[in-house]
Amino acid sequence: KAGVTQTPRYLIKTRGQQVTLSCSPISGHRSVSWYQQTPGQGLQFLFEYFSETQRNKGNFPGRFSGRQFSNSRSEMNVSTLELGDSALYLCASSWTGRGRATGAAYNEQFFGPGTRLTVL
Amino acid sequence: KNEVEQSPQNLTAQEGEFITINCSYSVGISALHWLQQHPGGGIVSLFMLSSGKKKHGRLIATINIQEKHSSLHITASHPRDSAVYICAVSEGSQGNLIFGKGTKLSVKP
């Protein structure tokens, strides 16, 4: 199976602009999660989409939004870009399994290569 | 206090050494993940654990659910193992991982 793909890989924008990033999950995966990675904050969860619905959301301002299409491809959008939005944006697609010890459901996540966004 | 703590933050080893990276967490989890990130950014999932121990080649991961602690071991380390190793936990079936700050490993020849 092809892995998770993200486009574009690199992007340079200026403050105030908006940007849209795209993520194509592994075939058959219905969940797509988005993460932001910065040197100061490390990796942080943005949001998760499952079957075209936002299932979970991290602690980011409303300028960060996303959506998922019927083919499970997902996009995230950042409006009114700020310098602090410069980061590596990663998406991960996942399936759901169950833990043997706890019986709880969990996701094994497969990451894309990321989109490196620079805001000038 | 971070929900996921890793130690050490930085680790330098000589080729061939046995390496251990530790991870402690304070939340209830459904699974713990060990991830590897090379320069350039791509993240590879090494292990996902909900109990016990897993082994892939020279890598071994263990988890103690009662103590909320996991370790990643690398036997016979090699310079190509140089990367950032990240511990992350999932709290349920939903896809939001909580990450540690990572351990930067450098293996010298």
Side-chain angles (χ1 to χ4, degrees), chain A residues 3-6 9-10 25-26 29-50 53-59 68 74 87-117, chain B residues 2-6 9-10 23 25 27-54 56 61-70 83-104:
Chain A
V4 178
T5 58
Q6 290 187 247
R9 293 293 310 279
Y10 301 91
I26 291 171
H29 286 190
R30 293 164 65 192
S31 170
V32 174
S33 298
W34 288 90
Y35 300 95
Q36 181 197 63
Q37 186 177 35
T38 59
Q41 298 298 318
L43 276 157
Q44 294 181 285
F45 170 72
L46 280 157
F47 29 66
E48 182 207 6
Y49 286 86
F50 181 83
T53 301
Q54 187 179 87
R55 185 159 74 167
N56 212 346
K57 189 178 191 302
N59 189 26
Q68 187 179 34
S74 178
L88 180 68
Y89 290 89
L90 292 149
C91 79
S93 75
S94 59
W95 59 276
T96 300
R98 288 205 174 267
R100 280 179 292 182
T102 65
Y106 60 84
N107 282 315
E108 179 175 17
Q109 302 211 355
F110 297 83
F111 287 82
T115 294
R116 189 165 295 280
L117 172 65
Chain B
N2 292 329
E3 292 167 301
V4 181
E5 298 274 2
Q6 279 185 246
Q9 278 189 294
N10 293 282
C23 176
Y25 54 92
V27 296
I29 69 168
S30 54
L32 183 141
H33 308 248
W34 281 104
L35 311 170
Q36 180 192 58
Q37 186 172 34
H38 280 284
I43 291 179
V44 174
S45 177
L46 298 175
F47 295 102
M48 183 176 60
L49 296 163
S50 56
S51 65
K53 177 179 173 178
K54 286 190 176 180
H56 289 158
T62 63
I63 187 169
N64 185 317
I65 297 290
Q66 287 72 31
E67 294 186 5
K68 295 189 174 181
H69 180 269
S70 175
V84 175
Y85 292 83
I86 302 167
C87 172
V89 300
S90 7
E91 290 186 278
S93 63
Q94 297 181 358
N96 60 309
L97 296 180
I98 305 170
F99 299 89
K101 295 291 186 187
T103 295
K104 186 175 182 180

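Please read all numbers here as calculations on a predicted model, not as lab measurements. Naming: A, B, ... by sequence-line order, numbering from 1 per chain.
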Just to verify, what does A/Q41 make a side chain to side chain donor-acceptor pair (under 3.5 Å) with, not counting sequence neighbours? none

As an exercise, state the distance from CG of B/L35 to CG of A/L90, rounded to the nearest 0.5 Å. 10.0 Å

Honestly, the part of B/I98 sitting under 4.5 Å from a heavy atom of chain A is neither

Kindly compute the distance separating CD (A/Q109) from CG (B/N96), expressed to the nearest 0.5 Å. 8.5 Å

Is B/L49 in contact with chain A via its backbone, its side chain, both, or neither, using a 4.5 Å heavy-atom distance? neither

Structural part of A/Q37 lying under 4.5 Å from a heavy atom of chain B: side chain

Hey, does B/L97 have a side-chain heavy atom less than 4.5 Å from the side chain of A/L43? no

